[in-house]
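FYI, side chains are in, hydrogens and waters are out, and symmetry mates aren't considered; it's all heavy atoms of this structure. Just so we're clear, the structure is a prediction, and the values are computed from it rather than from any experiment. Numbered from 1 within each chain, the chains take letters A, B, ... in sequence-line order.
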2 protein chains.
Amino acid sequence: MIVISTIRDVAKLAGVSVSTVSRFLNKSGYVNAETERLIKDAIEKLNYSPNEVARGLAGKKTNTIALILPDISNLFFSDLARAVEDVAATYGYTVIFGNSDDQGTKERRYIETLKKKYIDGIIFASNTLSREDSEMLAKLGIPFVCLDRGPSEKNGSVVRSKNKEGAVMAVRHLLDVGCRKIAHIYGPQDLITGKERLNGYVQSVQVFEWYTPTLLEPGDFRIAGGMAATERLLERHPDIDGIFAGNDLMAVGALKALQRRGIAVGCQVAVCGFDGIQTTEITTPELTTIAQPIYEMGAHISRLLIKKIEGVLEEDRIYELDVKLIARDSTLRRKVPNEQG
Amino acid sequence: MIVISTIRDVAKLAGVSVSTVSRFLNKSGYVNAETERLIKDAIEKLNYSPNEVARGLAGKKTNTIALILPDISNLFFSDLARAVEDVAATYGYTVIFGNSDDQGTKERRYIETLKKKYIDGIIFASNTLSREDSEMLAKLGIPFVCLDRGPSEKNGSVVRSKNKEGAVMAVRHLLDVGCRKIAHIYGPQDLITGKERLNGYVQSVQVFEWYTPTLLEPGDFRIAGGMAATERLLERHPDIDGIFAGNDLMAVGALKALQRRGIAVGCQVAVCGFDGIQTTEITTPELTTIAQPIYEMGAHISRLLIKKIEGVLEEDRIYELDVKLIARDSTLRRKVPNEQG
DNA sequence: TGTTGGTGTGGAAACGGTACCATATTGATT
DNA sequence: AATCAATATGGTACCGTTTCCACACCAACA
């Protein structure tokens with residue numbers, strides 16, 4: 001067993017007081033250049049590094065943040081988590097993660113635990129945060145930021161992308177490649193992502209005479225839901241030639257359902273997703289999608305939280321990031337323009 | 001700002017000493033039934049719950065474990081992470097994660113940080129842990145367990161699956177569906193998964209006259225690597241009718257390369273992967289794979305670590321979990337037996 | 001010459017728990 | 001009546017930091 005040295009050991013070896021060492025470590029207050037050398041040497045010799053737990057207790061700062069998300073095994077969130085951790089590590093923060101499965105109880109349990117652990121701040125990528133909880137956090141003085149939330153409450157800063165605008169882009173793209181009857185599989189309406197994308201779709205298509213509300217079909221943001229929704233759509237409207245899915249997973253489901261019916265994706269029916277997860281490159285044909293800057297969102301939200309923690313930032317804001325159309329083979333139709341891949 | 005109460009507040013309100021409250025909280029030592037009631041009431045009234053940081057400092061136990069993996073955005077590891085967190089939460093542990101990108105330096109940096117934070121134990125799903133590091137951890141008395149490591153060193157317990165056996169299963173399956181010239185795209189040979197799967201393949205095929213070492217091609221366990229390897233294989237052996245890829249991502253790459261050449265996957269060339277990640281259900285055709293029980297591995301390794309932490313477990317062992325063939329359309333050939341899907 | 005103000009340092013009380021040790025009471029045992 | 005073990009409780013040092021406060025020194029300034 002190795003013996004770990006403490007600040008007292010350093011102080012003793014350097015022949016100064018504990019306070020002086022502490023002042024040196026934190027660059028707070030005066031330390032003579034000469035003394036500094038002594039302390040540095042002692043630290044070197046003892047291979048000392050400060051105990052973070054003791055620091056946490058004394059200073060109520062643990063250099064740890066938490067990331068609460070619905071499910072880390074969901075592609076979107078694992079990408080996000082990667083970004084969050086990258087940025088956090090850069091700033092010297094450690095990341096704790098928790099899966100909420102979109103259940104308020106689980107989320108609350110995490111908050112409870114995190115509070116006891118003096119976590120410095122929380123990122124909610126989960127959307128079950130209730131008003132009471134957010135107020136509680138505010139009262140406790142725990143900084144937090146949210147992903148994909150509406151501006152409904154005064155709940156911290158929010159990072160999201162231009163969902164409605166993206167939906168408009170998707171529809172326009174489908175029209176551009178020649179679609180004349182476009183259906184939409186929309187996501188859960190308690191999620192801003194589900195709602196805004198639906199809004200964008202409706203706004204874009206309602207001017208056309210072919211539009212009818214039966215071209216709308218609900219999905220659950222998952223593959224199976226996308227498949228089922230597609231089946232129902234084809235039942236009602238065998239003549240649709242374009243599907244805009246509320247997210248990529250449902251688009252994958254649509255792809256599978258179409259293929260199962262022997263419908264050629266791209267030629268007969270064009271499919272466009274939303275999110276830009278890695279999986280879209282894996283399907284055959286590759287999936288056209290409105291890509292959110294997932295990594296950037298994670299990096300941004302993470303930086304935001306850290307700024308809040310360190311007091312650099314005070315007012316809460318909503319940040320809307322740009323989305324980007326990535327046209328691929330799932331929307332490759334007759335009138336092929338000789339542009340991007 | 002809410003005022004948080006301490007154990008002293010509870011003691012005062014209950015009219016007992018701090019020690020008694022502590023004894024009650026930890027169920028250590030005697031506490032009279034009457035006193036217990038008083039304490040319980042006080043705790044209730046003050047909405048008290050013990051400060052984990054102070055506990056950590058006093059007891060050197062933080063109820064926090066760390067999960068070091070190459071990249072959380074990699075499907076395999078995000079599945080694993082989900083399992084680890086689920087189990088950890090059940091046992092009252094919180095999970096910190098870190099991306100090592102398989103770089104020893106990053107890994108070492110995490111260890112350094114975790115040590116200072118009195119983390120209770122570490123799971124290494126990353127394979128860059130050096131002998132010195134593992135010895136250091138042992139000296140520091142920090143329990144740890146590893147995923148997918150060889151028994152080379154005396155480094156904690158190891159959880160992995162039957163890689164060689166799985167490779168043998170893969171080859172047998174390819175032969176069963178009628179393949180007569182099977183190539184193998186192997187993974188990095190510094191990983192036990194890469195090595196053992198290659199072993200299994202070679203052992204299974206070397207008895208056949210068609211076998212030649214040029215049917216082996218290295219890959220990097222990623223999609224692009226799988227594509228490139230497939231290209232090279234087809235160059236050398238245009239007549240191969242089966243490909244066993246060392247993991248699913250490379251199998252996806254093979255799929256893409258074959259499709260790009262207009263080769264019908266399943267009919268002309270059968271493809272089998274290894275791992276059983278979700279993505280295998282998304283490709284067209286769906287990918288046959290040797291599935292590792294990923295969730296189970298994560299759950300198991302996590303339970304193992306917790307047992308080590310709590311002293312229930314002492315000797316280190318290697319646990320080898322069973323793999324399972326999941327036959328899908330990517331290996332659907334002429335002689336179709338009317339069995340499973 | 002007494003008063004500033006910057007520089008440099010140490011002592012000690014927090015932070016919020018745990019755990020060891022001392023002490024007290026009780027009923028049973030010898 | 002003395003001894004003992006089980007029950008019950010309190011006091012306090014300790015975990016390893018930070019931070020506040022007191023104090024000392026020195027140069028400059030009025």
Side-chain angles (χ1 to χ4, degrees), chain A residues 1-40 42-43 46-64 113 115-120 140-141, chain B residues 1-40 42-43 46-64 113 115-120 140-141:
Chain A
M1 283 284 166
I2 275 174
V3 194
I4 293 194
S5 46
T6 74
I7 197 173
R8 271 173 251 273
D9 300 327
V10 175
K12 195 170 296 173
L13 185 59
V16 298
S17 77
V18 170
S19 345
T20 305
V21 179
S22 175
R23 248 179 288 122
F24 164 77
L25 289 171
N26 301 295
K27 310 261 166 270
S28 63
Y30 299 111
V31 178
N32 184 298
E34 181 74 9
T35 318
E36 198 165 311
R37 266 254 57 82
L38 290 171
I39 296 177
K40 264 186 191 154
I43 288 177
L46 294 173
N47 191 22
Y48 166 81
S49 80
N51 179 322
E52 291 290 328
V53 180
R55 269 199 163 155
L57 181 58
K60 305 206 182 313
K61 175 103 174 20
T62 52
N63 291 313
T64 306
T113 310
K115 175 177 90 185
K116 295 194 269 184
K117 295 206 175 189
Y118 279 167
I119 240 63
D120 294 333
L140 285 166
Chain B
M1 283 284 165
I2 274 176
V3 194
I4 293 193
S5 47
T6 72
I7 196 172
R8 276 169 243 272
D9 300 328
V10 174
K12 196 170 293 172
L13 184 58
V16 297
S17 77
V18 170
S19 339
T20 305
V21 178
S22 175
R23 249 178 289 122
F24 165 78
L25 289 171
N26 302 294
K27 308 267 167 263
S28 63
Y30 300 109
V31 177
N32 184 298
E34 180 73 9
T35 317
E36 200 165 311
R37 267 254 56 83
L38 289 170
I39 297 176
K40 265 186 191 154
I43 287 177
L46 293 172
N47 190 22
Y48 167 81
S49 79
N51 179 321
E52 290 291 328
V53 180
R55 267 197 166 157
L57 182 57
K60 304 205 181 315
K61 176 107 175 21
T62 52
N63 291 312
T64 307
T113 310
K115 174 176 92 185
K116 294 193 270 185
K117 295 205 174 189
Y118 280 166
I119 240 64
D120 294 333
L140 286 166

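- For the pair B:Lys116 and B:Tyr118, the cation does not sit on the ring face, since its NZ or CZ is not both under 6.0 Å from the ring centre and inside 45° of the axis.
- Regarding contacts with the backbone of C:dG16, a side-chain N or O of A:Lys60 is found under 4.0 angstrom from either OP1 or OP2.
- OP1 or OP2 of C:dG17 lies within a sub-4.0 Å distance of a side-chain N or O belonging to B:Tyr48.
- Under 4.0 angstrom from either OP1 or OP2 of D:dG11 there lies no side-chain N or O belonging to B:Ser17.
- Counting distance only, with no hydrogens placed and no angle test, the side-chain atoms of B:Arg8 and the base atoms of C:dG17 include a donor-acceptor pair under 3.5 Å.
- Both B:Ala54 and B:Ser19 lie near DNA chain D, and the one whose nearest nucleotide falls closer to the 5' end is B:Ser19.
- Residue contacts shown for B:Tyr118 are limited to sugar-phosphate atoms, with no base heavy atom under 4.0 Å away.
- One interatomic measurement links the two molecules: NZ of B:Lys27 to P of C:dT18, which rounds to 12 Å at whole-angstrom precision.
- The side chain of A:Thr6 has D:dT17 as its nearest neighbour among D:dT17, C:dG8, D:dA6.
- For the OP1/OP2 pair of D:dA8 and a distance below 4.0 Å, the side-chain nitrogens and oxygens of B:Asn32 include at least one atom meeting the criterion.
- No side-chain donor-acceptor contact under 3.5 Å links A:Lys115 and B:Ser49.
- Residue B:Asn63 contributes atom CG, which lies 14 Å from atom P of C:dG17 at whole-angstrom precision.
- Sequence order on DNA chain D of the closest nucleotides to B:Ala58 and B:Thr20 puts B:Thr20 first from the 5' end.
- For B:Lys117 (side chain) and A:Thr62 (main-chain N/O), a donor-acceptor pair under 3.5 Å exists by modelled atom type.
- With a 4.5 Å cut-off on side-chain heavy atoms, A:Leu13 and A:Tyr48 do not count as touching.
- Expressed to the nearest 0.5 Å, how far CZ of B:Arg23 lies from CD of B:Glu36 amounts to 11.5 Å.
- Of the residues near DNA chain C, A:Glu36 and B:Leu57, the one whose nearest nucleotide (by heavy atom distance) lies more toward the 5' end is A:Glu36.
- The separation between A:Asn51 atom CG and D:dC14 atom C1' is 13 Å, rounded to whole Å.
- Taking atom CG on B:Asn26 and atom P on C:dA19, their separation rounds to 6 Å, with Å as the unit.
- Distance, A:Lys116 NZ to C:dC15 P: 20 Å, rounded to whole Å.
- Taking atom NZ on A:Lys61 and atom P on C:dG16, their separation rounds to 18 Å, with Å as the unit.
- Atom CZ of A:Arg23 is separated from atom C1' of D:dT19 by 10 Å (rounded to the nearest Å).
- Among the heavy atoms of the strands lying under 4.0 Å from A:Thr35 are primed sugar atoms or P, OP1, OP2 only; no base atom is included.
- Protein atom CD of A:Glu34 is 18 Å distant from nucleotide atom P of C:dT7, rounded to whole Å.
- Counting any heavy atom pair closer than 4.0 Å across all strands shown, A:Val53 reaches no nucleic acid atom.
- Residue A:Arg55 places no side-chain atom within donor-acceptor reach of the base of D:dG16, judged by atom type and a 3.5 Å distance cut-off alone.
- Going from atom CD1 of B:Ile43 over to atom NZ of B:Lys40 covers 9.0 Å, rounded to the nearest 0.5 Å.
- Distances shorter than 4.0 Å separate none of the side-chain N or O atoms of A:Tyr30 from OP1 or OP2 on C:dG8.
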